[in-house]
Protein chains: 2
Amino acid sequence: MGMDTAVSSTGARARTRRAILDAGTAVLAQNPTASLADVAAAAGVGRTTVHRYFAERSDLVDAIGVDVLEKIGAATDRARPDDGPALTALERVCQEYFELGESLAIIFDESMAATWNWASWEEDTEADLALARLVDRGREEGTLDGRLDTDWIVQVLWSLLYVAWQRNRGGDTKHNALSLCLYTLRKSVGVPT
Amino acid sequence: MGMDTAVSSTGARARTRRAILDAGTAVLAQNPTASLADVAAAAGVGRTTVHRYFAERSDLVDAIGVDVLEKIGAATDRARPDDGPALTALERVCQEYFELGESLAIIFDESMAATWNWASWEEDTEADLALARLVDRGREEGTLDGRLDTDWIVQVLWSLLYVAWQRNRGGDTKHNALSLCLYTLRKSVGVPT
DNA sequence: CGAGAATGGAACAGCGATGTTCTACTGCCG
DNA sequence: CGGCAGTAGAACATCGCTGTTCCATTCTCG
């Protein structure tokens with residue numbers, strides 16, 4: 001007993017956990033009030049199995065939150081926010097975030113954030129800090145518009161990502177949506193010519 | 001019997017209806033899953049009174065949707081989308097929409113839109129058409145960026161409004177938030193210099 | 001094959017929201 | 001005053017989701 005703190009013996013537990021986590025992300029991204037039965041069905045497991053991995057609904061929601069945060073962290077690292085011109089680095093960040101797909105929609109959902117009690121949310125993530133650092137650098141470098149404050153630029157980045165993702169959902173090409181997103185991002189937060 | 005199709009005799013009914021509608025907009029904008037008891041409390045009426053005006057929850061939600069759509073229509077008219085340079089007109093639209101306040105948040109909520117069955121949503125509103133017309137005109141005039149298609153520009157407008165409204169909620173001045181919004185809007189959808 | 005892990009499904013109790021009904025209370029107008 | 005519109009509140013039945021327990025089945029690995 002008590003062996004289930006980390007990875008389990010067979011690895012089957014790990015796979016099931018991932019399936020529930022991914023299904024939960026996808027389902028709750030589209031409808032934050034979806035029932036656990038819906039999540040279970042999407043994950044291809046029984047409803048009791050979900051409760052076996054996440055005792056309460058909030059446990060699942062929290063786990064999804066942690067999972068998404070990890071994905072964002074990894075994506076931020078991949079984008080190497082401290083390399084090269086700030087605007088270029090910001091575009092790399094944008095591209096990496098765009099690839100997160102459904103996980104994006106979770107972040108924008110306020111009714112989800114409302115049920116997030118957990119500590120890791122209030123305080124800034126390492127990724128948040130890295131992003132803020134990047135934008136600050138760009139404003140000092142002169143490659144980002146100094147008339148826009150850091151928070152605003154970050155929020156515009158996220159909102160453009162959201163719109164682009166919506167467009168992708170709407171049937172447009174990922175490439176097309178991302179192109180529009182990057183182009184608009186450059187124009188909006190870049191230095192006015 | 002059957003006299004309640006339009007405005008009631010005393011006008012007290014109309015006032016109560018408005019109170020519920022406004023409270024519903026405010027409450028559901030912040031938490032789409034709020035109970036009708038919450039709405040009733042916010043409106044300062046009894047829970048049964050809410051049911052007297054809107055038999056089912058969906059009836060209230062639909063009514064709020066219609067109400068918001070009317071507000072958007074009126075705001076669009078006030079902005080005179082067909083007058084003057086397109087970019088300037090678009091800024092006027094942005095200002096008018098910004099004034100809608102909490103009603104804005106309702107529109108962006110997907111879990112709310114998910115429960116919207118009603119016909120008026122799928123088909124474009126007169127305001128939608130006017131806005132599309134305005135953007136089209138701007139792209140032909142050359143005052144809006146022709147590399148961005150009409151839908152994208154409209155969605156960017158809405159998303160900037162959303163970000164600005166969030167900022168306003170976060171304690172910033174309305175004037176400040178709106179300024180950033182308009183400035184960014186000009187840069188993103190205006191012609192590249 | 002055989003033991004233990006992992007799962008699915010049925011069944012159940014509890015809870016909160018919904019929607020309905022009925023009874024009083026208040027205010028307004030003739 | 002007396003009647004009527006509008007309302008609050010209590011009480012109730014119902015429903016869907018939640019979380020739990022139990023048992024049968026399947027899977028997997030030694």
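Residue numbering restarts at 1 for every chain, and letters A, B, ... go by the order of the sequence lines. No hydrogens, no waters, no symmetry mates; every other heavy atom, side chains included, goes into these values.
- We find that NE2 of H51(A) is positioned 12 Å from P of dC17(D), with the value rounded to whole Å.
- Rounded to whole angstrom, the span from the CZ atom of F54(A) across to the P atom of dT18(D) amounts to 15 Å.
- One can place CZ of R17(B) at 16 Å from C1' of dG6(D), the figure rounded to the nearest angstrom.
- Taking side-chain N and O atoms only, T16(A) has a distance below 4.0 Å to OP1 or OP2 of dT7(C).
- We find that CD of E56(B) is positioned 5 Å from P of dG19(C), with the value rounded to whole Å.
- dA6(C) atom C1' lies 12 Å from atom CD1 of I20(A), rounded to whole Å.
- Residues L36(A) and V45(B) both approach DNA chain D. Their nearest nucleotides, taken by heavy-atom distance, put V45(B) toward the 5′ side.
- The two atoms that bring F108(A) and W158(A) nearest to each other are CZ-O, 2.9 Å, heavy atoms only.
- When distances are taken from the side chain of R52(B) to each of dG8(C), dT18(C), dT7(D), the shortest belongs to dT7(D).
- Residue S35(A) has its side chain nearest to dT18(D) when only dT18(D), dG6(D), dT20(C) are considered.
- Computed from coordinates, the L60(A) CG to dT18(D) C1' distance equals 13 Å when rounded to whole Å.
- Between dT7(C) and Y53(A), a contact under 4.0 Å exists linking OP1 or OP2 to a side-chain N or O.
- Applying salt bridge (Lys or Arg N to Asp or Glu O under 4.0 Å) to E99(A) and the options R92(A), R78(A), K71(A), K174(A) leaves one that passes, K174(A).
- Enclosure of atom CZ in R17(B) is not indicated, since only 12 or fewer non-hydrogen atoms of other residues, nucleotides or ligands lie within 6.0 angstrom.
- Protein atom CZ of R13(A) is 5 Å distant from nucleotide atom P of dA6(C), rounded to whole Å.
- Here dG19(D) presents its P atom at 8 Å from CG of D59(A), a figure rounded to the nearest Å.
- Residue R57(A) is in sugar-phosphate contact alone, with no base atom involved, counting any heavy-atom pair closer than 4.0 Å across all strands shown.
- Looking at heavy-atom distances under 4.0 Å, T48(A) makes contact with a base.
- With salt bridges taken as basic N to acidic carboxylate O contacts below 4.0 Å, none links E96(A) and R80(A).
- For a distance-only test at 3.5 Å, the side chain of R47(A) qualifies as a donor-acceptor partner of the base of dG19(D).
- Between the base of dG6(D) and the side chain of R15(B) there is no donor-acceptor pair shorter than 3.5 Å.
- Counting all heavy atoms, side chain and backbone alike, G101(A) lies closest to W165(A) at CA-CH2, 3.3 Å.
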